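Everything below concerns the one structure shown next.
Basis for what follows: all heavy atoms, side chains included, without hydrogens, waters or symmetry-related copies. Just so we're on the same page: letters track the sequence lines, and every chain starts at 1. Remember, predicted model here, so these are calculated numbers, not experimental data.
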2 protein chains.
Amino acid sequence: MRARKVISFDTIRVACKNCTLAALCLPRGLTPEDVEQLDGIVKRSKPLHRGDSLFCQGDPFRSLFVVKTGSIKTYATGPEGGEQVLGFHLPGELIGLDAIEKGVHACSATVLETSAICEIPFAQLESLSNRIPSLQHQLYRLLSKEIGQDAEMLLLLGKKSAEERLAGFLVSLSRRLRQRGLSATDFYLSMSRHEIASYLGLAVETVSRVFSRFHEEGFLEVERKHIQLRDLTALESIVAKAMMDHHPGSKPAQP
Amino acid sequence: MRARKVISFDTIRVACKNCTLAALCLPRGLTPEDVEQLDGIVKRSKPLHRGDSLFCQGDPFRSLFVVKTGSIKTYATGPEGGEQVLGFHLPGELIGLDAIEKGVHACSATVLETSAICEIPFAQLESLSNRIPSLQHQLYRLLSKEIGQDAEMLLLLGKKSAEERLAGFLVSLSRRLRQRGLSATDFYLSMSRHEIASYLGLAVETVSRVFSRFHEEGFLEVERKHIQLRDLTALESIVAKAMMDHHPGSKPAQP
DNA sequence: GCTTTCCCTTGATCCCGATCAAGGGATTGG
DNA sequence: CCAATCCCTTGATCGGGATCAAGGGAAAGC
């Protein structure tokens with residue numbers, strides 16, 4: 001059975017002011033009246049399913065999208081096809097920010113699991129932000145946040161072993177889930193090993209092997225998509241250690 | 001001799017409206033009157049020299065910086081010292097965008113060669129952008145551009161060999177120099193091999209070896225910091241090829 | 001219900017790039 | 001002017017991860 005349209009329309013249609021994500025999303029810092037205005041331009045569609053597309057590389061840019069529930073992956077395709085995963089997006093995160101500059105989407109976005117998505121026409125958002133300074137400020141903040149996250153990812157990919165990369169991925173996921181009030185240590189991965197591998201710049205086999213190694217070491221339980229982190233501290237220290245191992249650090253002063 | 005203050009103050013003090021970078025920088029799309037207003041909040045200091053610091057990781061965020069002439073590197077330091085280079089910045093590029101979200105600089109920025117820098121207090125820029133819609137738009141565009149560039153870098157680091165990474169670096173540099181009206185095939189690198197290596201996630205020795213290999217292949221001439229690209233097309237095709245090699249691509253259809 | 005297909009895991013081998021080691025050339029400082 | 005230092009280059013060795021190969025198990029399609 002595919003079309004489980006029974007998913008509560010209440011969940012889908014919640015206005016911004018009642019949305020549990022308000023603190024993470026655009027409404028942050030806005031007065032109730034301003035949220036009301038923002039609410040007026042947000043389009044809420046019925047839930048999308050695994051494989052559905054939000055936009056494709058090359059599409060003209062019209063709207064930003066926000067994940068309400070579920071998860072999304074963004075990816076770029078080379079001239080010959082094939083894909084490089086650029087990011088995984090959880091509830092409250094904005095998608096499409098990289099398209100503002102050129103007015104054309106530089107990457108594609110598809111749905112990883114049944115998800116509710118808000119669409120926000122950018123032209124309207126922009127002019128609204130011009131009338132609501134705190135919305136403008138929040139938009140600057142969200143764009144800046146995205147830049148910071150990308151830099152973090154560069155750090156992770158810069159010079160790190162497979163273990164460090166996967167640990168970094170899991171720790172980041174865990175932290176973001178906790179922020180959303182979900183379990184930080186027990187969750188289901190909505191993406192395949194192949195997608196994780198592409199994201200981390202590794203081979204599928206390596207991802208699988210490192211999962212096994214982490215399990216042997218007692219860091220986590222893994223059964224297909226179900227992950228239970230047993231020793232988050234150990235994983236965090238793998239990521240932290242990476243920093244100093246790879247970059248010599250302050251010299252021990254001459255004798 | 002250190003203090004070569006003889007550098008023409010004319011170059012330093014040019015107002016935005018006379019700056020050759022206007023098309024790349026914040027003034028883009030603004031009316032002359034609006035540029036005048038922007039000009040009022042820009043601080044122009046005397047030239048900075050190699051090793052001077054614009055801001056450090058952890059500093060409170062007050063201003064954005066724009067390179068007028070010269071070049072800048074941004075980098076993050078791990079808890080134990082040691083640095084990971086995050087980016088190299090050429091004239092017209094904004095620095096510090098990643099600090100808006102948290103109000104604290106997430107990375108450090110230092111000067112690679114004698115450079116002229118404009119400082120723009122962000123609070124003033126933000127409120128000005130609220131009165132000038134086209135400035136707001138340009139700020140959104142520049143933030144978005146930064147996100148797009150980071151994504152491009154992720155693509156480069158994702159899954160690529162040393163040759164592909166260095167080729168990508170050179171091609172990107174070449175393109176950016178051309179945009180600024182400089183030679184796309186003959187230039188001096190303002191950063192050391194070590195800094196390039198850190199940026200690309202490689203060892204210094206590897207960077208050196210790949211430079212040599214490119215020279216043997218006739219792709220470029222290299223003498224210390226002086227680079228002359230002889231076969232830009234070859235370098236570009238190395239980058240392009242990477243895409244399809246690493247990501248299988250459309251399957252050739254079953255027999 | 002059975003086959004097909006995809007996804008994941010594990011094993012074996014090979015290669016690229018990190019690391020170790022050394023030396024030359026340019027710049028800096030005494 | 002010479003010594004010290006830093007930066008870059010080249011050579012030799014080693015190891016981690018990609019690749020090749022195989023097999024099991026779950027979901028999907030007939």
Side-chain angles (χ1 to χ4, degrees), chain A residues 1-3 49-51 73 82-85 112-114 156-167 188-216 220-227 238 242 245-248 251 254-255, chain B residues 1-2 49-51 82 84-85 112-113 157-167 169 188-216 220-227 238 242 245-248 251 253-254:
Chain A
M1 286 304 147
R2 168 60 75 87
H49 302 93
R50 162 130 199 139
K73 78 164 174 187
E83 64 179 59
Q84 161 76 39
V85 174
L112 286 169
E113 61 188 318
T114 302
L156 197 64
L157 290 187
K159 212 182 184 47
K160 291 186 177 51
S161 73
E163 295 201 351
E164 289 153 1
R165 292 186 189 192
L166 189 61
Y188 284 81
L189 297 173
S190 61
M191 69 294 288
S192 71
R193 298 286 190 274
H194 183 83
E195 287 161 334
I196 296 173
S198 170
Y199 179 58
L200 296 178
L202 298 171
V204 189
E205 295 93 327
T206 304
V207 172
S208 189
R209 264 183 262 269
V210 176
F211 264 123
S212 303
R213 218 175 304 156
F214 281 171
H215 179 240
E216 284 163 19
L220 49 75
E221 300 291 318
V222 50
E223 195 204 350
R224 298 189 65 74
K225 310 261 189 197
H226 186 197
I227 305 288
I238 288 177
D245 278 3
H246 290 138
H247 311 293
K251 41 202 69 166
Q254 67 291 0
Chain B
M1 289 299 149
R2 170 58 77 86
H49 302 91
R50 162 130 199 140
Q84 160 77 39
V85 173
L112 286 170
E113 60 188 320
L157 290 188
K159 210 182 186 49
K160 289 186 177 55
S161 72
E163 295 202 351
E164 289 152 2
R165 291 186 189 191
L166 189 60
F169 170 68
Y188 284 81
L189 298 173
S190 61
M191 68 295 285
S192 70
R193 298 286 191 273
H194 183 83
E195 287 161 335
I196 296 173
S198 169
Y199 180 57
L200 297 177
L202 298 170
V204 188
E205 295 93 327
T206 304
V207 171
S208 188
R209 264 184 262 269
V210 176
F211 264 124
S212 303
R213 218 177 302 157
F214 281 171
H215 179 241
E216 282 162 20
L220 48 76
E221 301 292 318
V222 48
E223 194 203 350
R224 298 189 65 76
K225 310 261 189 198
H226 186 200
I227 305 287
I238 288 177
D245 278 4
H246 290 140
H247 312 292
K251 43 202 68 167
Q254 67 291 2

Let me see the working for Glu223(B) and His215(B) under side-chain contact (heavy atoms from CB on, under 4.5 Å), right down to the final yes or no.
CA-CA 10 Å; Glu223(B) 194 203 350; His215(B) 179 241; over 6 Å; no

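- Counting heavy atoms from C-beta on, the side chains of Leu157(B) and Arg165(B) come closer than 4.5 Å.
- Rounded to an integer number of Å, the gap from CD of Glu195(A) to C1' of dC8(C) is 14 Å.
- The separation between Phe211(B) atom CZ and dC7(D) atom C1' is 14 Å, rounded to whole Å.
- Among the nucleotides dA18(C), dT19(D), dT9(D), the one closest to any side-chain atom of Thr206(B) is dA18(C).
- Contact of the Leu202(A) side chain with the Leu166(A) side chain is not registered, since no non-hydrogen atoms from C-beta on lie closer than 4.5 Å.
- Using the six-membered ring where Trp is involved, Tyr188(B) and His226(B) have ring planes that are parallel, under 30° apart on the 30 and 60° scheme.
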Identify the pairs formed between an N or O of the protein and an N or O of nucleotides 13-15 of chain D at a distance under 3.5 Å, and give each distance.
none

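- Because its NZ or CZ atom is both nearer than 6.0 Å to the ring centre of Phe211(A) and within 45° of the ring axis, Arg193(A) counts as a cation-pi partner of that residue.
- Glu223(A) has its CD atom 19 Å from the P atom of dG24(D), to the nearest Å.
- Regarding His215(B), its NE2 atom lies at a distance of 15 Å from the C1' atom of dT10(D), rounded to whole Å.
- Residue Lys225(B) places at least one side-chain N or O under 4.0 Å from the OP1 or OP2 atom of dC8(D).
- Following rounding to the nearest Å, Glu164(B) (CD) and dG17(C) (P) show an atom-to-atom distance of 8 Å.
- Rounded to whole angstrom, the span from the CD1 atom of Ile227(B) across to the P atom of dC8(D) amounts to 11 Å.
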Nucleotide N/O to protein N/O under 3.5 Å, stretch nucleotides 20-30 of chain C:
unit_1: dC20(C); atom_1: N4; unit_2: Glu205(B); atom_2: OE2; d: 3.2

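- Protein atom CD1 of Ile196(B) is 9 Å distant from nucleotide atom P of dT9(D), rounded to whole Å.
- A 4.5 Å side-chain heavy-atom check between Thr114(A) and Arg50(A) finds every atom pair outside the cut-off.
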Yes or no on side-chain contact (heavy atoms from CB on, under 4.5 Å) for Glu221(A) and Ile227(A), after CA distance, side-chain angles and deciding distance?
CA-CA 6 Å; Glu221(A) 300 291 318; Ile227(A) 305 288; over 6 Å; no

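- Closest to the Arg193(A) side chain, of the nucleotides dT9(C), dT9(D), dA18(D), is dT9(C).
- The closest side-chain heavy-atom distance from Met191(A) to Tyr199(A) is not below 4.5 Å.
- For the helix from dG1(C)-dC30(D) to dG30(C)-dC1(D), the axis fitted to the five pairs at one end and the axis fitted to the five pairs at the other end meet at an angle of 50° (nearest 10 degrees).
- Lys225(B) and Glu113(B) are not joined by a salt bridge, as no carboxylate oxygen comes within less than 4.0 angstrom of a charged side-chain nitrogen.
- With rounding to whole Å, Arg165(A) atom CZ is found 9 Å from dG17(D) atom P.
- Side-chain contact check for Val207(A) versus Arg209(A): every heavy-atom pair is 4.5 Å or farther apart.
- At the heavy-atom level, Ser208(A) lies under 4.0 Å from base atoms of the strands shown.
- The Ser161(A) side chain lies nearest to dG17(D) when the options are dT19(D), dG17(D), dT9(D).
- At least one side-chain nitrogen or oxygen of Ser212(B) sits closer than 4.0 Å to the OP1 or OP2 atom of dT10(D).
- Inspection of the Ser198(B) and Glu195(B) side chains reveals no N or O donor paired with an N or O acceptor under 3.5 Å.
- Between the side chain of Ser208(A) and the backbone N or O of Val204(A), no donor-acceptor pair lies under 3.5 Å.
- Considering only side-chain atoms of Val222(A), the nucleotide from dC8(D), dT9(C), dG17(D) that sits closest is dT9(C).
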